[in-house]
Amino acid sequence: MPTRKYSGRLELTWTNKRLCLLANRNEGYEWVPPHDYRVSEVRLLRDAALVGRTRAVDSRSSDNLLIRGDALNALVSLSELPEFASEYVGRVRLAYIDPPFNTGQAFEDYDDNLEHSVWLTMIRDRLLQIRRLLSEDGSVWLHLDDVQMHRARCVLDEVFGASNFVANVIWQKTYTRENRTDISISHDNVIVYAVNKTLWKKARNLLPPSEAQRSRYSNPDDDPRGDWASLPVHAKAEKGRRKEQFFTITLPSGRQVDPPPGNCWRFTRTRYDEMVDDGRIWFGDEGDSQPRLKKFWNEVQPGLVPTSIWPYDEVGTTGTAKGEILALFPSVTPFSTPKPEALIERILHIASNPGDVVLDCFLGSGTTATVAHKMGRRWIGVEWLEDTVRDFAMPRLRQVVEGNDPGGVTDLTGWRGGGGFRVLDVAPSMFEESDGVVYLSDWAVNGALAEATAAQLGFAYLPEHPFAARKGRSRLAVVDGHVSVAVADLLTGALGARETLVICATSVDPAVREHVHAAAPGSFVRKIPASILAEYRVNHRERLRRELARSEEPEEVSA
Ligand SMILES: C[S@@+](CC[C@H](N)C(=O)[O-])C[C@H]1O[C@@H](n2cnc3c(N)ncnc32)[C@H](O)[C@@H]1O
């Protein structure tokens, strides 16, 4: 029969899906086309504070990082600034994110559809950046209530691939009942996607058995192999069972038993006899009960495969989380949506190991960073609201470092204090716009201009007079002023063997371009900000073209 081909792809669409959203200063969002210069700009990360033990400034990227600013800006900086990119691109093991549903959007033509579209664009763009940072055996855990759940699954399918969906974990967030509503919601979802599901399964950790599970094992017959629990010896008589699994068993009491209706034995007669000889079948104290298989504690695999329902008595409730915050800050109104440390501990236990990097770019009160610190993981936390960092995340993490946080998972992890972290600020834009013309911002002068320019061009900022930065054998010189032929000579004269030069200047003598090219082949001159802005537009157009081409590519399905 000839194969029929179908084309098209399964995807969720929404208003303005092809646009980007800029986080603006009032903690709201603004729609812009993808080629808008502000979408491409790479923001600097400026040192703001140090807490506890941290590294020297030239290796600051490997400190634990608490970043103040919008998640997208911070994530782009982590993957584009060379000092951070070498540390984090493809090297973050786990991202747990708990974004708000209410995006704080205030469009004049506000409607529910737009609100969902803002949320979807906001989360898609951040997930795309998270994907760049994650390692091949990494995973993302997206915490949501039911509002965006089904839409978020579609976005995650687009970003990570439907085949990398791992599970939707149901967290029983409360055990109380809301009697005024139709159905009282008592759970949240944590959707798990892997970068590569096969690799992730091999690398993920099992859960330690709980006290309750251990207590199911005992040794009523003094078996020298130790404690055991018993399992039924029968199984459903499904397709594939062998006829040797249907037989009559004579119990030690002499009574004869068959498998229950619709069932067979789990073993063939021969295997069953071997199990009896090995003392692995239990017939009850009187030797007259249905046979059961003894499963010894010391033969149980070193842990339990996690299940997808996490009850409150194992990982806490929203009330537990509020209590943890109140214990640390008794005199302030608690942060409104913290998550319990035990919930985050379980996620980190399954999906990371000590020393791995854990990311949360919607940090809130700092739970993920707190638990990561106590569990010996390295961490990056990003939070947009300065007040939240000042009042919760930073003082909470300070107490963790100082060993003054006895709550949450402190006992479980044996945490006593230590380590430290670095607070970084996402720098403001290096550009300003007036009447449609883009200028350099007031702060972008001299050294700051050099650093910001290096960031846009992917050069590592390494001031070594007269150069500002380096990328392989290429040097960058940034001149906040006019470049004459004499200045250009000075710069090309300072180059080492086989080095090339990029000169960026706010004003350029027209003769300089040819001159530099001749003096140091492969070198060139750019006027700022115009040439950077032009490059953003071209790169973005090219990227957009590629992305659109990919998403419009027909999927061929054979039937
Ligand atoms: C639901 S809370 C996270 C709570 C956190 N899991 C905890 O245990 O405290 C969401 C946080 O994301 C922050 N946020 C919202 N939009 C953001 C953005 N674009 N970038 C960074 N943080 C953002 C909010 O200010 C809020 O603190």
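Small disclaimer: the values here were computed from a predicted structure and weren't measured. These numbers come from the heavy atoms of this one structure, side chains and all, not from hydrogens, waters or symmetry mates. Start at 1 and go down the list; that is how both ligands and their atoms are numbered. One-based numbering along the sequence shown.
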* To do: List every atom of ligand 1 that sits less than 4.0 Å from any heavy atom of L363, numbering the atoms from 1 in the order shown and giving each element.
  => 5 (C), 7 (C), 9 (O)

* L206 CG: over 12 foreign heavy atoms closer than 6.0 Å -> yes

* In ligand 1, which numbered atoms sit nearer than 4.0 Å to a non-hydrogen atom of L385? -> 25 (O)

* Which bit of F335 is near ligand 1, meaning a heavy atom under 4.0 Å away: side chain, backbone, both or neither? -> side chain

* Any atoms of ligand 1 less than 4.0 Å from a non-hydrogen atom of C361? List them with their elements. => 21 (C), 22 (N)

* Structure fact -> Interatomic distance, OG1@T198 vs CD@E136, rounded to 0.5 Å, equals 10.5 Å

* Asked: Between Y461 and E83, does any side-chain donor sit less than 3.5 Å from a side-chain acceptor?
  -> no

* With a 4.0 Å cut-off on heavy atoms, does A74 reach ligand 1? -> no

* Structure fact -> for atom 15 (C) of ligand 1, nearest protein heavy atom and its distance come out as P100 CG, 3.5 Å

* Protein residue, atom and distance nearest to atom 7 (C) of ligand 1, heavy-atom basis -> T367 OG1, 3.4 Å

* Can you tell me if R177 and S184 form a side-chain donor-acceptor pair at under 3.5 Å? -> no

* A23 to ligand 1, any heavy atom closer than 4.0 Å -> no

* To do: Would you confirm whether N64, through its side chain, and W379, through its main-chain N or O, come within 3.5 Å as a donor-acceptor pair?
  => yes

* **Ligand-residue contact atoms, ligand 1 with D98, heavy atoms, under 4.0 Å** => 1 (C), 2 (S), 3 (C), 4 (C), 5 (C), 6 (N), 10 (C)

* Asked: Is K339 salt-bridged to D188, cutoff N-O under 4.0 Å?
  -> no

* Top protein contact for atom 17 (C) of ligand 1, by heavy-atom distance -> W384 CE3, 3.4 Å

* Asked: To which protein heavy atom is atom 14 (N) of ligand 1 closest, and what is the distance rounded to 0.1 Å?
  -> F362 CD2, 3.7 Å

* Asked: Is the closest heavy atom of T368 to ligand 1 under 4.0 Å?
  -> no

* Structure fact -> Looking only at protein heavy atoms, what sits closest to atom 20 (N) of ligand 1 is A71 N, 2.8 Å

* Asked: If you measure from CG on L462 to CD on E451, what distance do you get to the nearest 0.5 Å?
  -> 10.5 Å

* Asked: salt bridge (charged side-chain N to carboxylate O under 4.0 Å, His left out) with D356: which of R93, R91, R204?
  -> R93

* Asked: Do D405 and R396 meet the salt-bridge criterion of a basic N to acidic O distance under 4.0 Å?
  -> no

* **Protein residue, atom and distance nearest to atom 2 (S) of ligand 1, heavy-atom basis** => T337 OG1, 3.4 Å

* Structure fact -> Near P338 (heavy-atom distance under 4.0 Å), the atoms of ligand 1 are 7 (C), 8 (O), 9 (O)

* Is there a donor-acceptor contact under 3.5 Å linking the side chains of S429 and E41? -> yes

* Protein heavy atom at shortest distance from atom 27 (O) of ligand 1 -> E383 OE1, 2.7 Å

* **Location of contacts on A321 toward ligand 1, heavy atoms closer than 4.0 Å** => neither

* Structure fact -> ligand 1 to S365, heavy atom cutoff 4.0 Å, flagged ligand atoms 7 (C), 8 (O), 9 (O)

* **E87 and R378 ion-paired at < 4.0 Å** => yes

